[in-house]
Amino acid sequence: FDGISSGGGFSCAVRTDGSNSCWGLGSWEVTDPPVLPPSYEYAQVSVGASHACALFNCDPSPSSLCPINNVVCWGSDGAGRVSDIPGDKMSQVSAGLGHSCGVRLDGSIACWGTNSSNQSTPLAPPANSVYSQVSAGGFHTCAVSTCTSAPCPPINVSCWGSNSFGQSTVPPLSGPFTQVSAGSNHTCGIETDGSVSCWGYGVWGQTSPPAGSFLQVSAGLYHTCGVR
């Protein structure tokens, strides 16, 4: 596999040949990803609670036959989380509880689906910055920005949506971050030194990461995992 993502009872993975396989609970046909045309390949997949979204690459001849957007979603379509995909090419996509978000090629973010807590209403990136990675969580969303010119902002993670447990309030002395993951009611990010910082609901220890250096972090419902 080139990448794997797990969510609400099912998992999906992109194979090295560009195909996509899903397994687990199959409600709403979440384990039946769309079959792409022969000239298309899956590039990245993200699994939410009851839907999934993926990026695909298109290389037909002529290139004008490629669609305007490169995102496909499947599963439960509540609030348009599957069908209301913006007509833009994305560099990364993330499926959350009831919404989806993606990073456009120009560094802006588009979100679609449930917006009950403004989780699908992105904030503008910090000054002199563009977004490089986004994570759709339960009722909030967080994103990492990259500075393009000085002066650079001291914090490069922005969060929006529900903040009932402080999951959208980035600690003021943390960062900068290389990656962020929004869970159900908490958020974790990897700082440039490899350490992990978490904030939000932590009654089960999900916001108390072990010491050490990590390459990747993933915040879930009531737990967090990382790759060293």
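From a predicted model like this one, the values you see are computed outputs, not experimental measurements.
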Any Cys198 side-chain heavy atom under 4.5 Å of Val196 side chain: yes
Residue that, paired with His99, satisfies side chain to side chain contact (heavy atoms under 4.5 Å, CB included) out of Thr141, Asp84, Asn115: Thr141
Thr148 (side chain) donor-acceptor with Asn128 (main chain) under 3.5 angstrom: yes
Gap separating the CD atom of Gln119 from the OG atom of Ser168, nearest 0.5 angstrom: 9.5 Å
Same apolar cluster (I L V M F W Y, side chains within < 4.5 Å links), Leu55/Leu36: no
Side chain Glu191, main chain Phe177, donor-acceptor under 3.5 Å: no
Smallest separation among heavy atoms of Ser149 and Cys147, with atom names: O-SG, 3.2 Å
Nearest non-hydrogen partners of Arg228 and Leu215, listed with the distance: O-CD1, 3.5 Å
Interatomic distance, Glu41 atom CD to Asn20 atom CG [nearest 0.5 angstrom]: 12.0 Å
Heavy-atom donor-acceptor pair, Ser129 side chain to Ala127 backbone, under 3.5 Å: yes
Pairwise side-chain contact, Thr224 with Val217, heavy-atom cut-off 4.5 Å (strictly under): yes
Short side-chain donor-acceptor distance under 3.5 Å, Ser145 and Asn156: no
Common cluster, Leu221/Phe165, ILVMFWY with side-chain heavy-atom separation under 4.5 Å: yes
Heavy-atom side-chain proximity of Cys101 to Pro122 below 4.5 angstrom: no
Contact summary for Ser164 and Gln167, nearest pair of heavy atoms: N-OE1, 3.4 Å
Atom of Gly80, atom of Trp112 and distance for their closest heavy-atom approach: O-CD1, 3.4 Å
Side-chain H-bond candidate by donor/acceptor type, Thr146 with Ser132, under 3.5 Å: yes
Under 3.5 Å donor-acceptor, Asn70 side chain and Asn57 backbone: no
Side chain proximity check, Asn69 to Lys89, heavy atoms < 4.5 angstrom: no
Heavy-atom closest contact (Ser135 atom, Ser94 atom, distance): CA-OG, 3.5 Å
Interatomic spacing from NE2 in His223 to SG in Cys225 - rounded to 0.5 Å: 4.5 Å
Pairwise side-chain contact, Val180 with Thr187, heavy-atom cut-off 4.5 Å (strictly under): yes
Single-linkage hydrophobic cluster Val157~Leu123, side-chain heavy atoms < 4.5 angstrom: no
Centroid-centroid distance, Phe10 to Trp74, less than 6.0 Å: no
Co-membership, hydrophobic cluster, residues Trp28 and Val47, 4.5 Å side-chain: yes
Val103-Val71 co-clustered via ILVMFWY side chain contacts under 4.5 Å: no
Close side-chain approach of Arg15 to Ser21, heavy-atom, < 4.5 Å: yes
Short side-chain to backbone donor-acceptor contact, Gln44 and Gly3, under 3.5 Å: no
Ser117 side chain to Ser162 side chain, donor-acceptor N/O pair below 3.5 angstrom: no
Between Arg81 and Ser120: side-chain donor-acceptor atoms closer than 3.5 Å: no
Shortest non-hydrogen contact between Met90 and Gly102, atoms and distance: SD-C, 3.6 Å
Ser50 OG to Leu25 CG distance, which is reported to the nearest 0.5 Å: 11.5 Å
Which residues share a side-chain hydrogen bond (donor to acceptor under 3.5 Å, both in side chains) with Ser76, sequence neighbours left out: none
Donor-acceptor under 3.5 Å (Ser181 side chain, Ala219 main chain): yes
Leu105 CG: over 12 foreign heavy atoms closer than 6.0 Å: yes
Side chains of Ser195 and Ser213 in contact at under 4.5 Å (non-hydrogen atoms): no
Side chains of Asp59 and Ser39, donor plus acceptor under 3.5 Å: no
Separation between CD1 of Ile4 and SG of Cys12, rounded to the nearest 0.5 Å: 9.0 Å
Aromatic centroids of Phe56 and Tyr40 separated by under 6.0 Å: yes
For Asp2, all residues meeting salt bridge (Lys or Arg N to Asp or Glu O under 4.0 Å), sequence neighbours excluded: none
Side chain proximity check, Trp199 to His186, heavy atoms < 4.5 angstrom: no
Approximate separation, where rounding is to 0.5 Å, of Ser108 OG and Tyr131 OH: 10.0 Å
Linked hydrophobic residues, Phe139 as query - side chain contacts closer than 4.5 Å: Leu97
